[in-house]
Amino acid sequence: MQRLRDLSIRFKVLGLIAMSSFLSLTLAGAAMIVYDLVVFKRTSVDELTVQAQVLGAISSAALIFNDPKAATEYLATLRSRPSIVCAAIYAADGKVFASYQRSDGSGCALPPAQADGNDMLGDDLLLFKGISHNRERVGSIFVRQTLGRTERALGYTGIVAIVLLGALVLGVLVSTAMQRAITKPLLGIAEVARGVTERRDFSLRAVKESNDEVGLMTEAFNQMLAQIERSAAELGRANAQLQVEIGEHRQAREEVVALNATLEQRVAQRTQALELANKELESFSYSVSHDLRTPLRAIEGFSSVLMRDHADRLDERGREHLQRVRAATQRMGRLIDDLLNLARTMRVEVRRRDVKLSDMASSVAKEIGDAHPDRAVHFDIAPNLNADADPQLVRIVLDNLLGNAAKFSSKRNDARVEFGCALQNGERVYYVRDNGVGFDMAYANKLFGAFQRLHSTKEFEGTGIGLANAQRIVARHGGRIWAEGRPGLGATFFFTLPT
Ligand code: ADP
């Protein structure tokens with residue numbers, strides 16, 4: 001079945017035509033032969049009957065006058081018809097009166113007399129016919145004739161076979177012509193399809209040669225090709241665009257990489273320069289602060305000598321001025337100390353270890369209480385807080401934050417300072433909270449800059465270095481420090497010390 005399907009259309013068309021013409025011609029031929037044989041037999045019966053009647057009529061006198069010789073002569077006239085094998089005339093009593101046998105010796109046995117009728121024995125037709133005279137039956141005649149139907153059928157079969165052959169040849173010729181009409185456009189489509197796949201040329205089109213199904217197929221195929229051509233063109237355009245974009249992207253990336261490289265180089269250079277400048281600045285401020293101390297000490301020393309030994313020579317205003325000089329000198333001394341501390345913070349190495357922060361905060365609180373026995377600040381310190389940090393540096397942070405908290409809540413009688421720790425997004429955040437004067441959040445960023453103060457010295461003593469120092473220390477531990485506050489409602493300072 002599969003093999004049949006795989007045959008080319010040409011062979012299928014050929015097979016179809018051959019098969020149909022063979023079948024129809026065979027059927028027609030067979031019907032014709034059968035019909036001819038039937039008609040032939042009937043005609044033969046009729047002819048033989050007439051012949052027997054004629055022979056019977058002329059032999060009736062011989063029968064009446066008992067002249068078998070004459071009857072035999074009449075029968076001998078049958079010689080002119082070689083198909084008659086044998087014949088006989090029977091007397092009324094059924095005895096053979098005269099007989100005839102074909103001269104070639106292939107005679108036959110004569111049957112006993114029978115009633116009128118005919119019968120077939122093989123290919124031979126047997127006919128009995130009564131002989132009458134004046135309506136009286138005087139005898140009967142028998143004739144046996146070979147019909148030769150097999151030869152006749154074979155002859156016809158030969159003719160049918162020749163016609164069949166002719167029809168087949170004609171069929172092949174017709175089918176070849178037809179097959180060309182069917183397969184040529186199909187082959188054309190196949191050729192175009194091959195061209196399209198091999199050369200990727202979507203502009204090729206198959207030629208439409210007819211308006212039949214193949215023509216419709218050619219049309220559909222061409223439409224499909226046109227669609228593919230449009231899609232391919234669009235794809236090509238998109239591809240080209242993509243190539244351009246990829247090119248631009250690559251170029252941009254290369255530029256970014258190049259820029260990054262120079263940027264990193266520049267950042268490294270700048271960092272190096274900045275570190276150098278920082279170091280120079282720090283050593284400069286350190287040496288300046290250091291150098292300033294000597295003349296400051298002299299001013300302080302001489303002004304205290306002046307106050308002690310020569311105060312009586314000065315009037316009230318003079319003593320007041322001298323007092324101011326001394327206060328300014330002391331303030332400057334503290335400023336220099338703070339600056340030196342700040343510089344030191346950046347120089348010392350961070351040595352981390354486990355620090356008991358709660359104990360440290362309690363000790364700072366006690367020192368603050370001792371320094372201001374006149375004040376009653378309530379310290380609320382969370383127990384068992386610890387951190388992995390440099391104890392000396394962390395102590396400076398706590399000194400500053402707790403000191404500020406106490407300082408900026410000094411205007412209150414119920415001053416409260418709280419030190420604790422909370423978890424924020426899984427991170428430990430330490431805080432120092434007070435209920436002091438607070439500050440405006442708009443300036444929250446400025447707090448940590450050196451010499452930045454939100455309150456005047458008249459209100460609260462200070463140099464503006466403490467928080468800057470605390471920030472540097474926290475940063476050196478890899479942490480952050482920030483503040484929240486509201487004027488009149490206190491402030492909270494937060495810091496982290498990641499390990
Ligand atoms: P100082 O305390 O010597 O002025 P700091 O650097 O410690 O310097 O603080 C900077 C400024 O931050 C302070 O002058 C003050 O205006 C503000 N500040 C610090 N701590 C607090 C606080 N607990 N409450 C309100 N303001 C504060």
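Just so you know, ligand 1 is whichever comes first in the structure, and atom 1 is the first atom listed for that ligand. Everything numeric here is computed off the predicted structure, so don't read it as measured data.
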Give one line per pair: atom of ligand 1, protein atom, distance. Only N/O to N/O under 3.5 Å.
from: ligand 1; atom 1: 2 (O); to: Asn404; atom 2: OD1; distance (Å): 3.0
from: ligand 1; atom 1: 2 (O); to: Lys407; atom 2: NZ; distance (Å): 2.9
from: ligand 1; atom 1: 3 (O); to: Thr463; atom 2: N; distance (Å): 2.9
from: ligand 1; atom 1: 3 (O); to: Gly464; atom 2: N; distance (Å): 3.1
from: ligand 1; atom 1: 4 (O); to: Arg453; atom 2: NE; distance (Å): 2.4
from: ligand 1; atom 1: 4 (O); to: Arg453; atom 2: NH2; distance (Å): 2.8
from: ligand 1; atom 1: 6 (O); to: Gly466; atom 2: N; distance (Å): 3.3
from: ligand 1; atom 1: 6 (O); to: Leu467; atom 2: N; distance (Å): 2.8
from: ligand 1; atom 1: 7 (O); to: Asn404; atom 2: OD1; distance (Å): 3.4
from: ligand 1; atom 1: 7 (O); to: Asn404; atom 2: ND2; distance (Å): 2.7
from: ligand 1; atom 1: 7 (O); to: Leu467; atom 2: N; distance (Å): 3.4
from: ligand 1; atom 1: 8 (O); to: Gly464; atom 2: N; distance (Å): 3.3
from: ligand 1; atom 1: 14 (O); to: Arg453; atom 2: NE; distance (Å): 3.3
from: ligand 1; atom 1: 16 (O); to: Leu454; atom 2: N; distance (Å): 2.8
from: ligand 1; atom 1: 16 (O); to: His455; atom 2: N; distance (Å): 3.2
from: ligand 1; atom 1: 16 (O); to: His455; atom 2: ND1; distance (Å): 2.7
from: ligand 1; atom 1: 20 (N); to: Asn404; atom 2: ND2; distance (Å): 3.4
from: ligand 1; atom 1: 23 (N); to: Asp434; atom 2: OD2; distance (Å): 2.9

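Not counting sequence neighbours, the partners of Asp123 by the salt bridge (Lys or Arg N to Asp or Glu O under 4.0 Å) test are Arg149. Looking at residues two or more places apart in sequence or on another chain, you find a salt bridge (Lys or Arg N to Asp or Glu O under 4.0 Å) between Arg416 and Asp380.
Using a cutoff of 4.0 Å between basic side-chain nitrogens and carboxylate oxygens, Asp414 and Arg412 are scored as salt-bridged. The existence of a salt bridge linking Glu229 and Arg205 is confirmed by a sub-4.0 Å separation between a basic side-chain nitrogen and an acidic carboxylate oxygen.
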Pairs under 3.5 angstrom only: tabulate donor-acceptor contacts from the side chains of residues 389-398 to other protein residues two or more places apart or in another chain.
from: Asp390; atom 1: OD1; to: Gln392; atom 2: N; distance (Å): 3.0
from: Asp390; atom 1: OD1; to: Leu393; atom 2: N; distance (Å): 3.3
from: Asp390; atom 1: OD2; to: Arg351; atom 2: N; distance (Å): 2.7
from: Arg395; atom 1: NH1; to: Ser363; atom 2: OG; distance (Å): 2.8
from: Arg395; atom 1: NH2; to: Glu367; atom 2: OE1; distance (Å): 3.1
from: Arg395; atom 1: NH2; to: Glu367; atom 2: OE2; distance (Å): 2.7

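Phe460 carries Lys411 over the face of its six-membered ring, with the cationic atom under 6.0 Å from the centre and within 45° of the normal.
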